[in-house]
Q: 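Below is a structure I'd like to ask you about.
Throughout, a chain's letter reflects where its sequence line sits, starting with A, and its residues are numbered from 1. No experiment lies behind these values; they were computed from the predicted model shown.
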Amino acid sequence: AQSVSQHNHHVILSEAASLELGCNYSYGGTVNLFWYVQYPGQHLQLLLKYFSGDPLVKGIKGFEAEFIKSKFSFNLRKPSVQWSDTAEYFCAVNLSGGYNKLIFGAGTRLAVHP
Amino acid sequence: NAGVTQTPKFQVLKTGQSMTLQCAQDMNHNSMYWYRQDPGMGLRLIYYSASEGTTDKGEVPNGYNVSRLNKREFSLRLESAAPSQTSVYFCASSPRQGTLDLHFGNGTRLTVT
């Protein structure tokens, strides 16, 4: 069955540190990939998505993600985090061309200290 | 533009009680979804509706029913609530089948005692 793994459940960083959150999926076919963010007390918002083309995707608020097909990975990065980036981050995968639903990872809770 | 509106925001039920969670979107989206969010498990799809008049089971449909009342509204019903259904429930919509650019509501926090 299709699944999504986020290896880091909790990450604690200081402001200005670099961030990389891992995401791996288990499916050999064509996929669409997403990162969502949930700020404390808020609903999920789309951070960025990959459907096709350039595997380096840039999203909002300085985030980017790189799709590496050979590694089944879609890691999220940010060069310098801010306190306001404190949130929970979810990776999600969809089988393109067929399914109408996303499979979410368990999430990574990021805490950024000033 | 309200986006996706869920009611209620909070609910406490006793085991065996029933209730309906309401969801409405004003973005003219075709597809709508119900997810539950549990700690350490991310979001799991309960049911979805690809378009008006259709509904399909997701990963965890047991204990739930849905109704796509019209294009705007997609309700989730718990016929006989159980403590295992204590969770945060999110409704979402997307413009059309396959785009999966989901717009989420603010969630309903349900506790079943």
Side-chain angles (χ1 to χ4, degrees), chain A residues 1-11 21-25 27 29-52 57 59-60 74 76 87-110, chain B residues 2-7 9-10 23 25 27 29-61 66 68 74 87-109:
Chain A
Q2 187 185 17
S3 66
V4 180
S5 298
Q6 291 183 243
H7 310 296
N8 313 104
H9 298 294
H10 291 93
V11 173
L21 301 182
C23 174
N24 288 89
Y25 61 93
Y27 180 68
T30 303
V31 293
N32 300 320
L33 300 155
F34 303 76
W35 276 98
Y36 280 83
V37 60
Q38 186 177 27
Y39 297 104
Q42 297 186 27
H43 59 83
L44 277 81
Q45 305 170 43
L46 181 65
L47 206 51
L48 48 79
K49 60 185 177 183
Y50 171 80
F51 274 50
S52 63
V57 180
I60 60 172
F74 189 55
L76 181 71
E88 191 159 14
Y89 294 82
F90 295 91
C91 181
V93 174
N94 157 252
L95 303 178
S96 78
Y99 279 59
N100 186 42
K101 52 193 179 184
L102 288 178
I103 305 298
F104 281 84
T108 297
R109 197 176 293 274
L110 171 66
Chain B
V4 180
T5 303
Q6 289 183 237
T7 55
K9 292 184 179 179
F10 301 94
C23 175
Q25 52 90 10
M27 297 172 285
H29 285 175
N30 286 320
S31 300
M32 297 185 74
Y33 310 80
W34 275 105
Y35 286 88
R36 59 178 290 173
Q37 183 182 26
D38 301 294
M41 302 185 75
L43 278 79
R44 292 180 293 169
L45 183 66
I46 304 171
Y47 271 93
Y48 68 100
S49 170
S51 60
E52 185 180 357
T54 68
T55 61
D56 286 285
K57 295 178 180 179
E59 300 172 73
V60 289
V66 290
R68 183 74 184 267
F74 188 40
S87 187
V88 180
Y89 292 84
F90 286 100
C91 178
S93 67
S94 65
R96 59 187 182 277
Q97 182 175 350
T99 62
L100 292 171
D101 187 355
L102 298 182
H103 298 251
F104 283 87
N106 286 329
T108 295
R109 186 172 295 274

Q: Tell me, for A/Q38 versus chain B, whether the close heavy atoms (under 4.5 Å) come from the side chain, the backbone, both or neither.
A: side chain
Q: A/T108: which residues meet the side-chain contact (heavy atoms from CB on, under 4.5 Å) condition with it, sequence neighbours left out?
A: A/Q6, A/N8, A/V11, A/L21
Q: Please check if atom CZ in A/R109 has more than 12 non-hydrogen atoms from other residues, nucleotides or ligands closer than 6.0 Å.
A: no
Q: With B/D56, which residues qualify under side-chain contact (heavy atoms from CB on, under 4.5 Å), at least two apart?
A: B/Y48
Q: Sort out for me which residue in A/L44, A/L102, A/L46 forms a side-chain contact (heavy atoms from CB on, under 4.5 Å) with B/L102.
A: A/L102
Q: I need the A/Y36 OH to B/F104 CZ distance, nearest 0.5 Å.
A: 5.5 Å
Q: Might you point out which heavy atoms bring B/G40 and A/A106 nearest each other, and give the distance in Å?
A: O-CB, 3.3 Å
Q: Shortest non-hydrogen contact from A/F104 to B/L43?
A: CB-O, 3.5 Å
